[in-house]
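Heavy-atom basis, side chains included; hydrogens, waters and symmetry copies ignored. Only a predicted model underlies this, so the values are computations on that prediction, with no experimental measurement involved.
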Amino acid sequence: MTMWTDAEAAFDAQQYPMTTEELIEAEGDLTLELPNGTEKLADALSRSAPETFESAEDARLTALAGVSGKAIGRKGYSDRDPVCMGEDGPEEVSF
């Protein structure tokens with residue numbers, strides 16, 4: 001999570017417990033640098049149900065779970081996970 005250095009510092013600087021709404025109010029304008037663009041912390045946090053964070057780690061994990069598809073590489077791509085028997089997976093693409 002090295003690209004989230006500012007977010008890490010923001011999470012650690014807060015006083016816990018704190019609610020999602022309080023964290024968005026305090027740090028929601030923070031820009032998260034993602035592999036395929038940027039996103040505001042408020043957007044990532046608002047994708048989860050409102051909760052009370054007991055620690056910076058709780059807030060960090062919720063933000064990670066809420067980031068958009070900009071945080072992943074090619075969608076549907078995996079060179080390791082075979083499709084299970086009886087399932088239709090994505091068509092193979094050769095580059």
Side-chain angles (χ1 to χ4, degrees):
M1 238 171 51
T2 56
M3 65 186 138
W4 279 33
T5 305
D6 292 340
E8 293 285 335
F11 293 134
D12 291 338
Q14 303 306 313
Q15 295 291 323
Y16 296 92
M18 98 181 311
T19 65
T20 304
E21 185 177 303
E22 291 169 334
L23 184 54
I24 289 173
E25 186 176 314
E27 299 292 345
D29 287 336
L30 184 70
T31 300
L32 304 174
E33 298 291 332
L34 304 173
N36 295 312
T38 62
E39 181 169 290
K40 295 292 183 188
L41 178 60
D43 295 332
L45 290 172
S46 65
R47 291 186 184 103
S48 299
E51 65 180 292
T52 299
F53 304 115
E54 297 298 326
S55 67
E57 184 66 9
D58 290 346
R60 185 177 295 114
L61 291 174
T62 298
L64 280 171
V67 292
S68 70
K70 293 177 183 177
I72 62 172
R74 288 194 331 243
K75 290 184 182 181
Y77 174 79
S78 175
D79 61 353
R80 292 179 176 80
D81 299 329
V83 176
C84 294
M85 289 176 41
E87 290 185 2
D88 292 328
E91 291 184 31
E92 289 186 27
V93 177
S94 178
F95 292 95

statement: Heavy atoms of Ala42 and Ile24 approach each other most closely as CB-CG2, 3.8 Å
message: Measuring from atom OG of Ser48 to atom CG of Leu64, what distance do you get when rounded to the nearest 0.5 angstrom?
response: 10.5 Å
message: Could you report the tightest heavy-atom contact between Lys40 and Gly28, atom names first, then the distance?
response: CB-O, 3.7 Å
query: Taking only residues two or more places apart in sequence or in another chain, which ones pass side-chain hydrogen bond (donor to acceptor under 3.5 Å, both in side chains) with Glu57?
result: Arg60
Thr20: side-chain hydrogen bond (donor to acceptor under 3.5 Å, both in side chains) partners, not counting sequence neighbours: none
query: If every non-hydrogen atom of Ala63 is compared with every non-hydrogen atom of Ala44, which pair is closest and at what distance?
result: O-CB, 3.8 Å
field: Non-hydrogen atoms of Phe53 and Leu23 that approach each other most closely
entry: CE1-CD2, 3.9 Å
task: Would you mind telling me which of Leu34, Leu45, Ile72 makes a side chain to side chain contact (heavy atoms under 4.5 Å, CB included) with Val67?
output: Leu34
- request: Please confirm whether the backbone N or O of Thr38 pairs with a side-chain atom of Lys70, one donor and one acceptor, at under 3.5 Å?
  value: yes
- prompt: Less than 4.5 Å apart, any side-chain heavy atom of Leu30 and any of Phe11?
  reply: no
field: Residues in side-chain hydrogen bond (donor to acceptor under 3.5 Å, both in side chains) contact with Glu39, at least two apart in sequence or another chain
entry: Arg47, Ser68
field: Taking every non-hydrogen atom, the tightest pair across Gln14 and Met18
entry: OE1-CE, 3.5 Å
